[in-house]
Amino acid sequence: CPAHTEVEKNRPLVGKSGQLHDEATRRAGFTRYDQNLINVIECKVPDEFDDDLEAYLRWLKKNHPEAKSPIECCAPRLQYQLQDTKSLLIYGATALKAVAGVEGIKKHSGHPIKVEIGDRKVWAVPAIHPAAALREPWESIDLFAHVERAHRIAFTGTPNWNPGKVLLNATTEQAINWWSARGNLIGIDVETDSLNFNKCNLRVLGATEFIDGGANDETCVYVERSVNGHLLKPPHELQQFHNFLRELLPTKQITAHNRKAECSVLEQLDICIPLANWHCTLELDHNVYPEQKHDLRTAATRQFDVPKWKDDAKFFHTATDQSLWEYNVIDDVLSARLFQVLYKKAEALGVLHTYNIDRVLSEYCRQMTKIGIYVDRVAQKRLGEKLFKEFHETLSKLRSVVGDSDFNPFSVPQVSKFLYKTRGYTPVVYTKSGAASTSKVALLQLMENGIDEQTSLVIDLLFDTREVGKLLGTYVGYH
């Protein structure tokens with residue numbers, strides 16, 4: 001139900017609880033714009049109960065047993081608001097009882113349950129209320145994990161791991177047909193007989209096409225050698241398949257956990273894919289979670305409830321052909337699904353442009369050594385021209401919206417004057433000197449508090465112009 005601050009602003013989850021909610025959803029990779037926030041009870045608790053809903057409900061039951069509880073009164077409205085819901089994040093014991101009809105938020109917190117909405121059943125993840133997490137700070141760790149899980153279910157439609165349709169140990173004809181029917185974006189993973197990518201033989205090439213993150217994803221596992229190194233396909237079939245891939249793969253966009261590994265192995269077979277066509281999930285993970293560890297195990301378990309992971313150091317000494325193929329399936333599917341999830345989160349966090357620039361930069365920063373970096377100047381110039389054009393197009397649009405042909409997005413006085421004087425908004429963040437801040441944090445907070453459409457567009461264009469301008473001057477040096 002709405003507390004005093006929520007009644008004042010006519011919005012759910014504001015104040016300190018709202019800030020913790022926003023932080024949890026930001027870490028999960030989405031924003032308030034991706035959610036439909038609903039109070040189970042619309043009316044405010046009487047002031048004498050100091051926003052304590054449970055105390056008010058106990059008092060109401062004791063003193064007015066004939067009266068309908070606020071939960072019962074609001075039930076029809078709640079059902080109507082939830083009628084198009086695909087998945088739920090349920091905060092607190094009261095909401096859990098009202099929506100799911102069960103009690104015990106501590107018991108059910110973080111465990112997906114099925115909830116009836118009209119004639120449908122949808123997945124829901126109960127979680128401790130942010131207000132409770134503020135009273136018991138250690139609870140915020142679980143809160144973040146449970147919000148992350150709710151986001152996964154919202155994205156995949158199920159809390160269960162389902163690799164989808166798998167073609168295991170495909171024949172050469174089956175593999176060629178499978179690849180021929182695929183779309184533009186494919187996730188791949190290779191298994192080899194050595195960690196030295198320049199001297200290894202390919203055992204397995206697995207690939208997945210992401211469809212919906214569930215049972216419709218399609219995976220093909222093409223096996224060349226057994227775990228003992230014996231060829232399992234006739235040499236002429238391997239040659240046929242490699243020739244086919246040499247023609248096909250350079251036309252595809254490829255996702256992989258470690259671009260260097262997959263790229264190096266395929267190059268041993270003269271299958272050369274342009275660097276610009278590769279997407280590295282761990283690089284994207286770094287953009288989304290810059291302060292956290294980045295390996296496949298960590299990145300995957302942040303996003304999916306995956307099966308028990310193999311320990312490479314021990315696994316390859318005891319693996320059978322079947323277990324190697326099955327683990328390759330997990331890696332293939334994760335490569336495809338991780339990219340989709342992380343890409344969506346990068347969009348929500350506003351770091352997608354940086355990731356895309358990093359990918360292009362890798363085209364000409366190909367060799368990094370102790371004495372320097374080899375730079376492809378042609379590619380650098382091409383990138384500079386692209387950014388230069390993008391910068392001036394964005395700047396022109398920004399000046400047009402502001403209505404000032406000389407407006408400088410990097411000028412703090414000019415930005416402050418437009419936002420706080422011309423548009424009349426109250427600053428929410430100040431610098432140490434006491435001046436109104438125009439930093440990204442300050443502008444995001446201003447947007448969160450509610451602004452008109454024109455000012456929102458100006459702030460979006462400010463972010464774009466500043467980012468491209470910084471990349472242009474700092475990393476490319478194109479003027």
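Keep in mind that what you see is a predicted model, and the values were worked out from it rather than measured. Note that the numbering runs from 1 along the sequence shown for the chain.
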### Message
Determine whether Arg203 and Thr192 satisfy the following criterion, side-chain contact (heavy atoms from CB on, under 4.5 Å), listing intermediate values before the conclusion.
### Response
CA-CA 5 Å; Arg203 286 179 176 172; Thr192 70; 5.7 Å; no

Check whether any side-chain heavy atom of [X] sits under 4.5 Å from a side-chain heavy atom of [Y], and report yes or no.
X	Y	answer
Leu398	Pro409	yes
Leu269	Leu245	no
Gln240	Phe244	no
Val223	Glu191	no
Ser17	Leu134	yes
Leu284	His279	no
Leu96	Glu103	no

Ignoring hydrogens and geometry, is there a side-chain-to-backbone donor-acceptor pair from [X] to [Y] under 3.5 Å?
X	Y	value
Lys233	Thr171	no
Thr25	His21	yes
Arg337	Gly214	yes
Glu209	Gly183	yes
Trp325	Asp321	yes
Asp217	Gly213	yes
Asn277	Lys252	yes
Ser335	Asp332	no
Arg120	Thr85	yes
His257	Asp331	yes

Using every non-hydrogen atom in the two residues, find where [X] and [Y] come nearest and quote the distance to one decimal.
X	Y	result
Ile105	Ala127	CD1-O, 3.5 Å
Tyr222	Ala170	CD1-O, 3.7 Å
Glu267	Cys272	CG-SG, 4.4 Å
Gly469	Phe410	CA-CZ, 4.2 Å
Pro130	Leu143	CA-CD2, 4.2 Å
Gly187	Thr255	CA-OG1, 3.0 Å

#### Entry: Worked verdict on Tyr355 versus His286 for side-chain contact (heavy atoms from CB on, under 4.5 Å)
CA-CA 9 Å; Tyr355 164 72; His286 172 75; over 6 Å; no

#### Entry: Aromatic ring pairing Phe339/Tyr343, orientation class (parallel under 30°, perpendicular over 60°, tilted between)
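If you compare the ring of Phe339 with that of Tyr343, the planes turn out tilted.
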
### Query
Would you call the rings of His129 and Tyr91 parallel, tilted or perpendicular, where under 30° means parallel and over 60° means perpendicular?
tilted

### Worked check of side-chain hydrogen bond (donor to acceptor under 3.5 Å, both in side chains) between Gln239 and Asn243
CA-CA 6 Å; Gln239 188 63 46; Asn243 289 339; 3.1 Å; yes

Give a yes or no on this: more than 12 heavy atoms of other residues, nucleotides or ligands lie within 6.0 Å of atom [atom1] of [X].
X	atom1	answer
Gln322	CD	yes
Lys440	NZ	yes
Glu173	CD	no

[X] side, atom [atom1]; [Y] side, atom [atom2] - distance, nearest 0.5 Å:
X	Y	atom1	atom2	answer
Leu266	Ile273	CG	CD1	5.5 Å
Thr208	Lys165	OG1	NZ	13.0 Å
Ser226	Leu324	OG	CG	9.5 Å
Leu249	Ile271	CG	CD1	6.0 Å
Thr219	Leu168	OG1	CG	10.0 Å
His242	Leu202	NE2	CG	6.0 Å

### Task
Please identify each residue that fulfils side chain to side chain contact (heavy atoms under 4.5 Å, CB included) with Glu390, with sequence neighbours left out.
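Glu390 satisfies side chain to side chain contact (heavy atoms under 4.5 Å, CB included) with His353, Leu387, Thr394, Val468 once adjacent residues are dropped.
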
### Task
Output, in order, the C-alpha distance, side-chain angles, deciding distance and verdict of side-chain contact (heavy atoms from CB on, under 4.5 Å) for Leu205 and Phe241.
CA-CA 11 Å; Leu205 170 62; Phe241 186 57; 4.1 Å; yes

### Message
I'd like to know whether Gln445 forms a side-chain hydrogen bond (donor to acceptor under 3.5 Å, both in side chains) with Asn449, so could you lay out the CA-CA distance, the side-chain angles of the two residues, the decisive distance to 0.1 Å, and finally the verdict.
### Response
CA-CA 6 Å; Gln445 185 62 53; Asn449 289 348; 3.3 Å; yes

### Task
Tell me, with the steps shown, if Val221 and Glu326 meet side-chain contact (heavy atoms from CB on, under 4.5 Å).
CA-CA 9 Å; Val221 176; Glu326 290 172 352; over 6 Å; no

